[in-house]
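Written below as C-alpha cells is the structure these notes are about.
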Amino acid sequence: MSDDATGRTGRAGGNAPGKPWGGRFREQTAAAVERFSASVHFDRALAHHDIRGSLAHARMLRKAGLLSAEEEAALVAGLERIEAELADGSFALDPALEDIHMNVESRLRELVGDAAGRLHTGRSRNDQVATDLLLYLRDAARAAERGLHELRRVLQLRAAEHLDTVLPGYTHLQRAQPVRLAHHWLAFVEMFGRDAERFRDLRGRLRLSPLGSGALAGSTLPLDREFTARELGFDAPTRNSMDAVASRDAGLEFLAATAIASVQLSRLAEELVLWSTAEFGFVELADAYATGSSLMPQKKNPDVPELVRGKAGRTIGNLVTLLTVMKGLPLTYNRDLQEDKEPIFDSATTLRDCLEVTSGAIATLRVDTARMRDAAQDPMLLATDLAEALVREGVAFREAHEAVGRVVGHCVEKDLDLRALSREDLRAFHGAFPAAAGELLSLERALEERALPGGTARATVAAALERAELEIRASLEALDAEGPA
Ligand code: ARG
C-alpha cells in the first residue's frame with residue numbers, strides 16, 4: 001500500500017488503508033494480492049465511460065434530493081477536471097486502488113473533499129462496471145461498423161477499376177471458372193457488409209441501462225433509473241437487477257462478431273499472401289504495406305496480411321476466453337467477471353488495426369491484370385460450358401458431364417487445347433455436340449453467359465458495383481448522422 005494511496009482516500013479504509021471497503025478489515029491486503037487483483041492497467045480504457053456514468057449518477061442524486069446543489073456542482077467540476085487530466089496524461093493511476101472506478105473516486109476526493117463520498121450513493125461497482133462496459137461496447141461496435149464499411153468502400157473502388165480484369169475463380173484452390181476481379185472483391189464487400197450488420201444488430205441490443213441495479217438487488221434509495229438511462233443514451237433501465245450485474249452476453253456477442261469479422265479478414269489476407277507469391281504473381285503489395293528480410297536482400301514479404309491472418313487467432317482466443325470465464329458462473333456478480341475486459345479491449349483494438357491496414361493494403365495494391373488474364377485463359381476453365389452446350393441440345397447434365405470428362409481426359413493425354421477440337425473431334429465423344437469447340441467456347445462467353453442475378457457477367461457486376469456503392473455510402477452517412485462517438 002503506497003502512502004500516496006492512503007493519503008488520497010483520506011479516512012476511508014479502516015485498517016486496510018486506502019480501501020473504500022476497508023471498514024470491517026483488520027489487516028492490510030497482501031502485496032501479492034494487490035498485484036494479482038488490480039485491473040487499473042487495463043480498465044483505464046473505461047475511464048471516459050466511467051466518468052460519463054458518474055456525471056449522470058451525480059445529476060440524478062441531486063434530482064432525487066440525495067445531494068445538495070453545491071455537492072452536485074463540486075462533483076461535476078471534479079469529474080470534468082479528471083476527464084481533462086486523463087486526456088492530457090497527467091492523471092496518475094495507482095494499482096493499489098485496484099481499478100479505474102476507485103482511482104477516479106480517490107482523485108475526486110482529493111479534488112472536492114467529502115462530497116466525493118456521496119457519489120457512490122445507491123451505486124455499486126457492480127452496476128457501475130456493467131454500465132461502463134455497455135457504453136464502451138456501444139462505441140467499439142460503432143467503430144467496428146464504420147471500419148468495416150470503410151474497408152468495403154476501398155474494396156468497391158478497387159473492384160470498380162477492375163470490372164474488365166479477369167482471373168480464374170478457384171475451388172479447392174484449383175482453377176475452376178473465370179470470373180471478373182470486380183466480382184471476386186465484391187464477394188468480400190458482401191461478407192464485410194454482414195459483419196458490419198452484426199455490430200449494428202448488437203448495438204440494437206445495448207439499449208437498457210444497468211445503472212441503479214446496485215450490487216445485485218437494487219437500492220432502498222429513491223434513485224431515478226429512467227433519468228440516468230436517458231442521460232447515458234439508453235432507452236430505459238434494465239428490467240432485472242440481477243441480470244444487469246451478472247450478464248456479459250453483450251461482451252460475448254461483441255467478441256463473436258469480432259472473431260467472425262477477423263476470420264473473414266484473414267481470408268482476404270490469405271489471398272493477398274498467395275497472390276503476391278512468384279507462383280501466382282497476381283498482385284504486388286505497395287512498399288508501404290510490405291516489409292523486407294533482414295537476411296535476404298531480394299525479399300519483399302507480405303507481413304501485413306500475414307499478421308492480419310494471424311490476428312484472427314487472438315480474436316478467436318478472446319471469444320473462447322470469455323465464454324470459458326462465463327460458463328458455470330452462478331448469479332450474480334463474481335470477480336471472475338473482471339476477466340471480461342482484456343479480451344474485449346484487445347479484440348476491439350485488434351479489429352480496428354486490422355481494418356485500417358487491410359484498407360491501406362488494398363487501396364495501394366498493384367494488380368497484374370495480364371498475369372490474371374493468362375491464368376484465366378486456361379481452356380480447361382471452360383469445360384463446364386462445354387457440358388452446358390450439350391444440355392442445351394437436350395442431353396442430361398450427368399451424361400454431358402461424363403462426355404466432357406472424356407474430352408478433357410483426351411486433351412490432357414494428347415496435350416491438346418480444348419478449344420481446338422473440331423465438331424467431328426467432339427462427336428467422337430458424344431453425338432449431340434452442335435459445333436466445334438472454338439465456336440462454343442471462349443473466355444468472354446463464359447463470363448457473359450453468366451448473367452443470372454449474382455453472376456459474373458459484365459452488366460450484372462456493373463449493377464452490383466453500383467448497388468454496393470450506394471449502400472456503403474448510405475451506411476457511412478447513417479453513421480455520420482449519429483454524431484460524434
Ligand atoms: N474491477 C471490477 C470488475 O471489473 C469492478 C467491480 C468490482 N466489484 C466487486 N464486487 N469487487 O469487475
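Counting starts at 1 for both ligands and their atoms, following the listed order.
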Quick one: nearest non-hydrogen protein atom to [atom], plus distance?
atom: atom 5 (C) of ligand 1; result: Asp99 OD2, 3.4 Å
atom: atom 2 (C) of ligand 1; result: Gln338 OE1, 3.4 Å
atom: atom 11 (N) of ligand 1; result: Arg125 NH2, 3.6 Å
atom: atom 10 (N) of ligand 1; result: Asn126 OD1, 3.1 Å
atom: atom 6 (C) of ligand 1; result: Tyr333 OH, 3.4 Å

Looking only at side chains, do [X] and [Y] share a donor and an acceptor under 3.5 Å apart?
X: His184; Y: Glu271; value: yes
X: Arg225; Y: Thr238; value: yes
X: His49; Y: Asp139; value: yes

For ligand 1, the portion of Glu98 having any non-hydrogen atom under 4.0 Å away: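 Neither part.
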Side chain, backbone, both or neither: Asp340 near ligand 1, heavy atoms under 4.0 Å: neither
Numbering as shown, the atoms of ligand 1 that approach Lys341 to under 4.0 Å (heavy-atom distance):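 Counting atoms of ligand 1 from 1, those under 4.0 Å from Lys341 are 3 (C), 4 (O), 12 (O).
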Subset of ligand 1 atoms that lie under 4.0 Å from at least one heavy atom of Ser39: 1 (N)
Steps toward salt bridge (charged side-chain N to carboxylate O under 4.0 Å, His left out) verdict (Glu356, Arg352): CA-CA 6 Å; Glu356 185 186 347; Arg352 181 197 63 201; 5.5 Å; no
Electrostatic pair Glu98-Arg125, nearest N-O below 4.0 angstrom: yes
Any N or O of His101 closer than 3.5 Å to N or O of ligand 1: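 For ligand 1, there is no N or O atom that lies under 3.5 Å from one belonging to His101.
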Matching residue for Ser347 among Asn318, Thr258, Thr321 - test: side-chain hydrogen bond (donor to acceptor under 3.5 Å, both in side chains): Asn318
Partners passing salt bridge (Lys or Arg N to Asp or Glu O under 4.0 Å) against Asp368 (at least two apart in sequence or in another chain): none
